[in-house]
Amino acid sequence: MNRFEDQAVPGVRRLQPYQPGKPIEELERELGITNIIKLASNENPLGPGAKAKAAVTAASAELARYPDGNGFALKQRLAARHGVDMVQITLGNGSSDPLEFVVRALVQPGDEVIFSQHAFAMYPIVTRAAGGSAVVTPARDWGHDLDAMRAAITARTRVIFIANPNNPTGTWLDGEALRAFIAAVPEHVVVVVDEAYFEYASAPAMALDGYPDASRWLADFPNLMVTRTFSKAWGLAGLRVGYGLSHPDLADLMNRIRPPFNVNSVALAAAEAALDDVDHLAESIAVNVAGLRQLTTGLAALGLDVIPSAGNFLSVRVGEKAMPVYERLLRAGIIVRPVENYDMPGYVRITVGLEEENQRCLDTLASILA
Ligand SMILES: *Cc1c(COP(=O)(O)O)cnc(C)c1O
């Protein structure tokens, strides 16, 4: 029993903390083994590109200074990239920040936030911490059921979260359907389209016909917010930088509660440099497309059900119960992610790694399941 439990605000009392993927160092300590691979947190297996790394080194000369609290240079780059005004951007310590800010700005105790079954774990956390009620709509074929989400809207709905693609299912929504949905949502409800995997999903080689860039609809829908991150395809998860794009008035509200200097100077510099590194992004995408194919084919050959994914990860059914398989993979030095807490018992989520990492994961799974 937590000695402060009775003093905690009710939303916090019922919260389960976010479960991150197990760090490599922790497994090393526990098992005393090396050569561990982590395919658990949807990180870019190539890491950051040379330009971002050079920017980190250069920025480290100025560590005694506070960062630019407005992130002017990065915002200027992002505004040009997305064809929006700088005042529409809310920078975050990861895109987790704007995902939280929008709820803190709009949701009072008793208000409702809609998201899908199997949706990203941050949504229930930020909703409940604010005292909001989570309205979870059942998934359809593992993905978001837009009809069910629309039917769930009430006068108390404030925010709807839609991850496109969704993590951990990898499912994605077509532009026509998503746009029609947003157009049908009343203006008192903010629709947040979480595009953490946009760079992967939108790559031509992924061949997702109709996968949309929701940021292009911002001028049409004042109640639309889009989030992006440097944590996934850009390879900068450790630096924590992401952003929200929205109507300037919503960005204004979010910037009122944004902690000053929430994005550090090294992260600002690295993110800006990463945007210039088109070659590294292209290589990252190529590694992902090949790796997704390798894992999908390999897992299917083991007779396992794979949910087709638009991201840099996939969820696969490994049996009646996933924990024993997860544990045996751990003991073999392979960290994946159990997704029981996403209402997906029997499944694990595997992040696409380098070719040899994917192969080792497949070979180990084959021997575990034999
Ligand atoms: C990884 C992820 C994020 C991004 O988290 P950061 O805070 O930007 O590192 C957001 N949404 C989804 C669905 C994700 O999988």
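What you see below is based on every heavy atom in this structure, not just the backbone, and it leaves out hydrogens, waters and symmetry mates. Whatever order the structure lists ligands and atoms in, that order sets their numbers, starting from 1.
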Q: When Ile, Leu, Val, Met, Phe, Trp and Tyr are grouped by side-chain heavy atoms lying under 4.5 Å apart, directly or through other members, which residues fall in the same group as Tyr66?
A: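 Hydrophobic cluster check, Tyr66: joined to Phe261.
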Q: List the atom pairs, donor and acceptor, that lie under 3.5 Å between side-chain atoms in residues 127-140 and the rest of the protein, sequence neighbours left out.
A:
residue : atom : partner : partner atom : Å
Thr127  : OG1  : Tyr123  : O            : 2.7
Arg140  : NH2  : Asp145  : OD1          : 3.1
Arg140  : NH2  : Asp147  : OD2          : 3.3

Q: Can Arg258 be said to sit on top of Phe101's aromatic six-ring, NZ or CZ under 6.0 Å from centre and within 45° of the ring axis?
A: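 No, Arg258 and Phe101 do not form such a contact.
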Q: Can the ring centroids of Trp142 and Tyr347 be said to lie less than 6.0 angstrom from one another?
A: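 Distance test on ring centres: under 6.0 Å, yes.
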Q: Side chains of Gln294 and Asn358 only: does a donor on one sit below 3.5 Å from an acceptor on the other?
A: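 A donor-acceptor contact under 3.5 Å links the two side chains.
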Q: Going by ring-ring contact (aromatic ring centres under 6.0 Å, His included), name the residues that satisfy it together with Phe115, two or more places apart in sequence or in a different chain.
A: none
Q: For ligand 1, list every N/O pair with the protein closer than 3.5 Å, one pair per line with the distance.
A:
residue  : atom   : partner : partner atom : Å
ligand 1 : 7 (O)  : Ser95   : N            : 3.2
ligand 1 : 7 (O)  : Ser96   : N            : 3.0
ligand 1 : 7 (O)  : Ser96   : OG           : 2.5
ligand 1 : 7 (O)  : Arg240  : NH2          : 2.7
ligand 1 : 8 (O)  : Ser95   : N            : 2.7
ligand 1 : 8 (O)  : Ser95   : OG           : 2.8
ligand 1 : 8 (O)  : Thr229  : OG1          : 2.5
ligand 1 : 8 (O)  : Ser231  : OG           : 3.4
ligand 1 : 9 (O)  : Ser231  : OG           : 2.6
ligand 1 : 9 (O)  : Arg240  : NH1          : 2.7
ligand 1 : 9 (O)  : Arg240  : NH2          : 3.3
ligand 1 : 11 (N) : Asp194  : OD1          : 3.2
ligand 1 : 11 (N) : Asp194  : OD2          : 2.6
ligand 1 : 15 (O) : Asn167  : ND2          : 2.7
ligand 1 : 15 (O) : Tyr197  : OH           : 2.6
ligand 1 : 15 (O) : Lys232  : NZ           : 3.2

